[in-house]
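Below is one structure, written out as structure tokens, with a few remarks after it.
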Number of protein chains: 2
Amino acid sequence: MGVDCRGVPGFPGEGHDHRECVGQALDRAAEHCRRKSLRLTPLRRKVLELVWIGHRPMGAYEILASLRHERQGAAPPTVYRALDFLIAQGMVHRIEHLNAYVGCTGPDHPHAGQFLICRSCGLAAEINDSRIDDAIQDSATEAGFSVGRRTIEVEGVCPNCAGAKD
Amino acid sequence: MGVDCRGVPGFPGEGHDHRECVGQALDRAAEHCRRKSLRLTPLRRKVLELVWIGHRPMGAYEILASLRHERQGAAPPTVYRALDFLIAQGMVHRIEHLNAYVGCTGPDHPHAGQFLICRSCGLAAEINDSRIDDAIQDSATEAGFSVGRRTIEVEGVCPNCAGAKD
DNA sequence: AATGTTATGTTATACTATTACATTAATCAG
DNA sequence: CTGATTAATGTAATAGTATAACATAACATT
């Protein structure tokens, strides 16, 4: 019991133990920061926790509202700065077409995020399919274009929601 | 003379006749609307023209500022509504990670936009590589996910700018 | 403790986009 | 053609997202 959230593909199914899942994400973050001598401050840790608790793309102001439950005076820069740090460390990705932020399973294998985002339940599954990366790389190379940051976001319907219709 | 802009891959090179290029885009739009009994009103036509004249992703308020040169009272909804129409018709795409809009060569072959965007000159080339689409489709299918709208945006350096460094 | 650096607090503002309602223009039935 | 209907645009206000600028606090190093 306690299916972890790191499975790819990543729509959490029935047996999902969410408390465990969030805990693991925070542990991985702490370990990562320890190894790189970075400071996972209480604020950064809390923002990461809030993003993971949602387990779906969350808006910055939504995160801010949650954060205020325990930090009254929190203002937009508070959360944006924490997100900047977490994104730079690969612990959070930004979903461009939602203006939202979602936890990443970790910076261990660095990657550009590729996301499947369900229009019905709002969950986002991160995939990291080298076939997609390769296809982009090939196509760009043929155009003489050197590839930097990639934004791959696929909106659609996840298996859980498709199943629910029956 | 008069290399048209429709070449894929699409970073316009030396011989690019931009006036011609914009004209062709407007002609294609007019033809498309005629066939589908849609109204390419002066406003919509002008917004499309402005986007094409830039030939790069342009912000809505940047478009608005240009539009005001001939329509004093223009307000945000003016341009957003025109963009909504043009996007729905596949004549313009939105670049999510820039909050910007760019002309598309046309709705003739319907497609989700795939973009190579140069961080140096700001130009965006639309590619439509079925290998990328296929890879995404395969990966999503394996995850049980049914694919809808896709956002594929690759930031990097275009061949013109890479060459200029030498 | 003194210093430099990093992180956070705080206020204000910039940028992006939409709501709501009024007005004008095109379309169409009779 | 007239009036009814729909589509498009004008206009004002506001919602939502993000950053700039500067002050203060916490941490790290000597």
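So that the names make sense, note that chain A is the first sequence line, chain B the second, and so on, each numbered from 1.
The side chain of R44(A) lies closest to dT8(C), out of dT8(C), dA17(C), dA18(D). In the set dT11(C), dA17(C), dA7(D), dA7(D) carries the atom at the smallest distance from any side-chain atom of R39(B).
Residues H32(B) and Q89(B) bring a donor and an acceptor atom of their side chains to less than 3.5 Å of each other. Under the 3.5 Å distance criterion, with hydrogens and angles disregarded, a donor-acceptor pair is assigned to the side chains of H97(A) and E153(A).
For L98(A) and dA17(C), the CG to P distance is 14 Å, given to the nearest whole Å. Rounding to whole angstrom units, CG of residue L64(A) and C1' of dA15(D) are separated by 15 Å.
Under 4.0 angstrom from either OP1 or OP2 of dT8(C) there lies no side-chain N or O belonging to T78(A). Between T41(A) and the phosphate of dT8(C), there is a side-chain N or O to OP1/OP2 separation shorter than 4.0 Å. In this structure, Y101(B) reaches the dA17(C) phosphate: one of its side-chain N or O atoms is under 4.0 Å from OP1 or OP2. For the OP1/OP2 pair of dA18(D) and a distance below 4.0 Å, the side-chain nitrogens and oxygens of R94(A) include at least one atom meeting the criterion.
Under 3.5 Å, the side chain of Y61(B) and the base of dA14(C) form no donor-acceptor pair of N or O atoms. A donor-acceptor contact under 3.5 Å is not formed by the side chain of R71(A) with the base of dG9(C).
Here L40(B) contributes atom CG and M91(B) contributes atom CE; the two are 6.0 Å apart, rounded to the nearest 0.5 Å.
The aromatic ring centres of H93(B) and Y101(B) sit 6.0 Å or more apart.
R81(B) comes within 4.0 angstrom of a base, heavy atoms only.
Under the 3.5 Å distance criterion, the side-chain polar atoms of R149(A) are left unmatched by any main-chain donor or acceptor of V154(B).
Each of P77(B) and P42(B) lies near DNA chain D, and the nucleotide nearest P42(B) is the one positioned closer to the 5' end. Projected onto DNA chain C by closest heavy-atom contact, A82(A) and P76(A) fall at different nucleotides, the more 5' of which corresponds to A82(A). For L38(B) and A75(B), each mapped to the nucleotide of DNA chain D holding its nearest heavy atom, the one lying further toward the 5' end belongs to L38(B).
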